[in-house]
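Order of the sequence lines sets the chain letters (A, B, ...), proteins ahead of strands, with each chain counted from 1.
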There are 2 protein chains.
Amino acid sequence: MLHDCTNFHQTQSRESLVTTATVSTRSDSAADAGDVSGPPSDTPTGNDIVELLFFAYRDFVSDPDRLLTEYGFGRAHHRVLHFVERVPGMTIAEMLDILGITKQSLNPILKDLVEKGYIVQRTGTADRRQRLLYPTDKGRALSLALTAPQLQRIARALDGLEPDVKSKVTAFLFSMINDDDRDDVSRIVWKTADGEEQVQ
Amino acid sequence: MLHDCTNFHQTQSRESLVTTATVSTRSDSAADAGDVSGPPSDTPTGNDIVELLFFAYRDFVSDPDRLLTEYGFGRAHHRVLHFVERVPGMTIAEMLDILGITKQSLNPILKDLVEKGYIVQRTGTADRRQRLLYPTDKGRALSLALTAPQLQRIARALDGLEPDVKSKVTAFLFSMINDDDRDDVSRIVWKTADGEEQVQ
DNA sequence: CATTTATGTCAGCCTTATTGACATATTTCA
DNA sequence: TGAAATATGTCAATAAGGCTGACATAAATG
């Protein structure tokens, strides 16, 4: 889930990359291009991961697109619904921090989801200014349906690989997150079933 | 590089997630929310990876934002420039396949990069309908500068982990890509320095 | 010579983002 | 208590980066 960051609506079309001619003309073509650059970069450490992350994420976030289109939603709706399902009772401010967007961007999307009955807002009991977000049964069902193809993709990818890959991938992705956010992310990602963790 | 899929311009602001109250009220708050759903999902296999991919990718693609803003470019410009640098001599059609966008979306971005002197287009020699894309020295320099913080993030993440993590992460990300595209992606990602590979 | 292909371009539209300004309810603090 | 800060909502204007559809041109192909 969680879409590119970006939007994009759904393209879906996408046959095969670079089907046509050559990936690149021979290096002398590049060399004789006058003003043009020298040899391609020597792929320093990590350059392959830069590109694999792009392609993997591109395909990964496109998984729920068909379903989203059916419901008239975009990837932003998926992101919001996903985190509401995962962290029921989340406040608006927490959602804004997680998604990294402004309230003006969140509002129309949230309004959509509330109006169509996927999310309910309840006034906070401790602080009655807050509007706590909860998924409805309908919202929970849609969230799970949207994430299902992504879980399948992950399971299929792990299936062909050594059993320790999952823990190593998890550790790597976790290390890729900004230092400041890592604690909070771990509370969201590995929260216990009864949702007991306090952030502060 | 390669930004979220999506657009988004740069937000840059982002302090810390969920700094305020509790991640969630206790589960009975969710339970007594009436129409609201049951217990949170039991985190089936891969659910953590779904979320870690979101957070890791979110931070990863934001690395070049400051620099992009300085140059008046967006993440889409970065994606285009990156692949032109990596696969000099690429055709327009190949770029469209890789990025998964339409020519109408690509055109203004490409025009920007050409007008500002980061990319040159040269008529193909074998097929003179094609406009082969090459980076200029300036474009190559900018591409490398944009990717530098991302390589640093990857290197730093791998640094604290076991030495086999890199190969396992690479294998995992590769498996996450759509079946149909995997051959072509491997040609792009692991192309030799002299760019000799033929796609067909 | 007719058709297909690669590319370019115009027009209109959508989603998701932004900033700035302002309103309201509630909590907190002096 | 009363002032200030906080959480949220809303309006307006703007922008990036996507989309579809239609059409044009040049070059290759059959």
Side-chain angles (χ1 to χ4, degrees), chain A residues 2-14 18-21 58 61-62 65 68-69 71-80 90-97 99-115 121-133, chain B residues 2-14 18-21 58 61-62 65 68-69 72-80 90-97 99-114 121-133:
Chain A
L2 310 173
H3 331 89
D4 59 58
C5 314
T6 257
N7 5 13
F8 306 10
H9 324 152
Q10 12 294 22
T11 300
Q12 232 122 293
S13 70
R14 289 215 48 266
V18 194
T19 52
T20 56
R58 181 198 64 175
V61 299
S62 77
D65 279 349
L68 283 168
T69 303
Y71 284 80
F73 289 144
R75 293 177 179 178
H77 297 84
H78 185 190
R79 286 194 286 268
V80 171
M90 178 179 277
T91 67
I92 301 287
E94 287 163 357
M95 182 65 75
L96 296 179
D97 276 341
L99 299 182
I101 61 176
T102 61
K103 63 182 175 180
Q104 295 94 325
S105 301
L106 176 60
N107 256 343
I109 290 160
L110 192 54
K111 201 182 276 184
D112 264 8
L113 289 165
V114 169
E115 278 171 3
Q121 304 192 60
R122 317 206 127 235
T123 300
T125 48
D127 184 337
R128 293 187 20 193
R129 288 172 303 181
Q130 296 177 329
R131 297 299 139 86
L132 308 185
L133 304 174
Chain B
L2 310 175
H3 335 86
D4 55 87
C5 314
T6 232
N7 11 8
F8 306 12
H9 326 151
Q10 13 292 28
T11 300
Q12 232 121 295
S13 69
R14 291 216 45 265
V18 194
T19 51
T20 55
R58 180 197 65 175
V61 298
S62 77
D65 279 348
L68 284 168
T69 303
F73 289 145
R75 291 175 181 177
H77 297 83
H78 185 190
R79 286 194 288 266
V80 172
M90 177 180 278
T91 67
I92 300 287
E94 286 162 358
M95 181 64 77
L96 296 178
D97 275 342
L99 300 181
I101 61 176
T102 62
K103 61 183 174 176
Q104 295 92 326
S105 300
L106 175 61
N107 256 342
I109 289 158
L110 192 54
K111 202 180 278 185
D112 263 10
L113 289 165
V114 169
Q121 305 193 59
R122 317 206 127 234
T123 300
T125 49
D127 184 337
R128 293 186 21 193
R129 290 171 302 183
Q130 297 176 330
R131 298 297 138 87
L132 308 185
L133 304 174

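- Looking at heavy atoms from C-beta onward, B:Gln121 lies in side-chain contact with B:Ile92 at the 4.5 angstrom threshold.
- Mapping A:Thr102 and B:Gln121 onto DNA chain C by nearest heavy atom places B:Gln121 at the nucleotide closer to the 5' end.
- The structure places CG of A:Leu110 at 9.5 Å from NE2 of A:His77, a figure rounded to the nearest 0.5 Å.
- Atom-to-atom, CD1 of B:Ile101 to P of C:dT7 comes out at 14 Å; the value is rounded to the nearest Å.
- Distance CD1 (B:Ile92) to C1' (C:dT5): 14 Å, rounded to an integer number of Å.
- Taking atom CG of B:Leu96 as the reference point, atom P of D:dG18 lies 11 Å away to the nearest angstrom.
- Side-chain atoms of B:Thr123 and B:Arg131, non-hydrogen and from C-beta on, do get closer than 4.5 Å to each other.
- For the helix from C:dC1-D:dG30 to C:dA30-D:dT1, the end axes, each set by the C1' atoms of five terminal pairs, are bent relative to each other by 20° (nearest 10°).
- A:Glu94 has its CD atom 14 Å from the C1' atom of D:dT8, to the nearest Å.
- Near DNA chain C, meaning a heavy atom under 4.0 Å away, the residues from residues 105-113 of chain B are B:Asn107, B:Lys111.
- Atoms CZ (A:Arg75) and P (D:dA16) sit 21 Å apart, rounded to a whole Å.
- Judged as a side chain to side chain donor-acceptor pair (under 3.5 Å), and not counting sequence neighbours, A:Asn107 has no contacts.
- Between C:dT15 and A:His77, no contact under 4.0 Å exists linking OP1 or OP2 to a side-chain N or O.
- Two residues are said to be in side-chain contact when any heavy atoms from C-beta on lie closer than 4.5 Å; A:Leu133 and A:Val80 fail this criterion.
- Whole-Å rounding puts the A:Glu115 CD to D:dT10 C1' distance at 14 Å.
- B:Arg129 meets the side chain to side chain donor-acceptor pair (under 3.5 Å) test with B:Asp127; sequence neighbours excluded.
- One interatomic measurement links the two molecules: CD of A:Gln130 to C1' of D:dG9, which rounds to 15 Å at whole-angstrom precision.
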B/S/- contact track for nucleotides 22-29 of chain D, protein heavy atom under 4.0 Å: B----BS-

